[in-house]
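Below, chains carry the letters A, B, ... as their sequence lines are ordered, and counting in each starts from 1. Just the heavy atoms: all of them, side chains too, but no hydrogens, waters or symmetry mates, feed the values below.
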2 protein chains.
Amino acid sequence: MNVSFAEIQGSSSGCFAKGSPTRLVLDHVSSTWGVLVLGTLSEGTRRWGELRRDLDGISEKMLASTLRALATDGLVHREPLASVPPHVEYSLTPRGRELAERMMPFLEWIATNSDDEPL
Amino acid sequence: MNVSFAEIQGSSSGCFAKGSPTRLVLDHVSSTWGVLVLGTLSEGTRRWGELRRDLDGISEKMLASTLRALATDGLVHREPLASVPPHVEYSLTPRGRELAERMMPFLEWIATNSDDEPL
DNA sequence: CTGTATCCAATTCGATACTG
DNA sequence: CAGTATCGAATTGGATACAG
């Protein structure tokens, strides 16, 4: 391993500590829907209704709060279109794309190693 | 991005779907304490009491259930030592180490990009 | 020392209904 | 279409006490 966990933690004194900004982002991103929203948006821009369909099983409440959290963290961009009927488009910010890229190898490993492996 | 989210999802038909083994592991690993336990164990073997001290703020209940979940997933190895007083050592399995390695770039990015960045 | 059991508070989440 | 408001159910999480 080229970077140790201790080094990461030490890099900003008590990072991942309860209440730290780092920890907040970690919580947002590592939540069930956070991961799936970021993954879906990594495919491209989506409208509210599309996200709701793609993320099968998500409630409107969770979709709203997940998007708001990620937008606040500067990972997701919200673009309201001045049209009738109203449309809003969601996409990853450059930061969001960076994060999503680093998340993929991780998700890929889980997908290929956790769907049937015995123990 | 070299691997798309859609490809990952499609790779095992409905992976990350609610109730799938993949989703279970994702939930365990992406929980607050799951990440921190894996990170700490990536530093080396730890005893129960050491983990409790290192993971400041964790309750015995959460430590127990997190360790049990990760052990069930085959990511953490539990080694009871036949001694008095009793000792138990926890360490990452080979699979756990693989996962931890893939988690590090991700954690590193959050640590360096989310501790002060404005927006 | 290493846990398990229990109780209780706090939070999360989903379903539904409703607004701009 | 794109949300917000509200309520209740379910889950999570912590503190404490206790057992092997």
Side-chain angles (χ1 to χ4, degrees), chain A residues 16-20 23-38 40-41 44-73 76-92, chain B residues 16-20 23-38 40-41 44-73 76-92:
Chain A
F16 299 134
K18 185 172 183 178
S20 67
R23 170 72 163 269
L24 276 181
V25 174
L26 179 61
D27 283 348
H28 295 162
V29 165
S30 73
S31 74
T32 300
W33 296 121
V35 171
L36 298 177
V37 165
L38 287 176
T40 302
L41 287 182
T45 298
R46 292 283 187 282
R47 295 217 317 268
W48 167 276
E50 293 176 317
L51 283 173
R52 230 194 127 186
R53 269 190 303 284
D54 290 352
L55 303 168
D56 194 46
I58 196 173
S59 67
E60 295 186 338
K61 180 183 176 178
M62 280 301 100
L63 181 54
S65 73
T66 302
L67 285 172
R68 231 179 304 131
L70 295 176
T72 301
D73 293 339
V76 163
H77 175 67
R78 181 180 184 277
E79 181 76 26
L81 305 179
S83 63
V84 180
H87 285 296
V88 182
E89 293 190 335
Y90 292 91
S91 57
L92 293 184
Chain B
F16 298 135
K18 185 174 182 177
S20 67
R23 170 72 163 269
L24 278 181
V25 173
L26 179 62
D27 283 348
H28 294 163
V29 166
S30 73
S31 74
T32 299
W33 296 122
V35 171
L36 298 177
V37 165
L38 288 176
T40 302
L41 287 182
T45 299
R46 291 286 186 279
R47 294 218 318 268
W48 167 277
E50 293 176 319
L51 283 172
R52 231 195 128 185
R53 268 190 305 281
D54 291 351
L55 303 168
D56 195 45
I58 196 172
S59 66
E60 296 186 336
K61 180 182 176 181
M62 280 302 100
L63 181 53
S65 73
T66 301
L67 285 172
R68 230 179 305 130
L70 295 177
T72 301
D73 293 338
V76 163
H77 175 67
R78 182 179 183 277
E79 180 77 27
L81 305 181
S83 62
V84 179
H87 286 297
V88 182
E89 293 191 334
Y90 293 91
S91 57
L92 293 183

Measure from [atom1] on [X] to [atom2] on [N] and round the result to the nearest Å.
| X | N | atom1 | atom2 | value |
| --- | --- | --- | --- | --- |
| Ile58(A) | dA15(C) | CD1 | P | 12 Å |
| Arg52(B) | dC1(C) | CZ | C1' | 11 Å |
| Leu24(A) | dT11(C) | CG | C1' | 15 Å |
| Leu51(A) | dC1(D) | CG | C1' | 13 Å |
| Leu63(B) | dG14(D) | CG | P | 11 Å |
| Arg78(A) | dT4(D) | CZ | C1' | 12 Å |
| Glu89(B) | dG3(C) | CD | P | 11 Å |
| Trp33(A) | dC13(C) | CH2 | P | 10 Å |

Are Arg23(B) and Trp33(A) in a cation-pi setup, meaning NZ or CZ lies under 6.0 angstrom from the ring centre and within 45 degrees of the ring axis? yes

Residues Leu51(A), Leu41(A); criterion side-chain contact (heavy atoms from CB on, under 4.5 Å); working and verdict: CA-CA 9 Å; Leu51(A) 283 173; Leu41(A) 287 182; 4.0 Å; yes

Which listed nucleotide ([options]) is nearest to the side chain of [X]?
| X | options | value |
| --- | --- | --- |
| Trp48(B) | dG3(C), dG13(D), dT6(D) | dG3(C) |
| His87(B) | dC1(D), dA15(C), dT2(C) | dT2(C) |
| Lys61(B) | dA2(D), dG20(D), dG14(D) | dG14(D) |

Map Glu60(B) and Arg53(B) onto DNA chain C by nearest heavy atom, then report which one ends up closer to the 5' terminus. Arg53(B)

Run Leu26(B) and Thr32(A) through side-chain contact (heavy atoms from CB on, under 4.5 Å) and show every step you take. CA-CA 8 Å; Leu26(B) 179 62; Thr32(A) 300; 5.6 Å; no

Going from CG on Leu81(A) to CD on Glu89(A), what distance comes out if it is rounded to the nearest 0.5 angstrom? 4.5 Å

Inter-residue atom distance Leu92(A).CG - Arg46(A).CZ, 0.5 Å rounding: 10.5 Å

Just N and O in the side chain of [X]: are any of them under 4.0 Å from OP1 or OP2 of [N]?
| X | N | value |
| --- | --- | --- |
| Arg68(A) | dG3(D) | no |
| Tyr90(A) | dC1(D) | no |
| Arg47(B) | dT2(C) | yes |

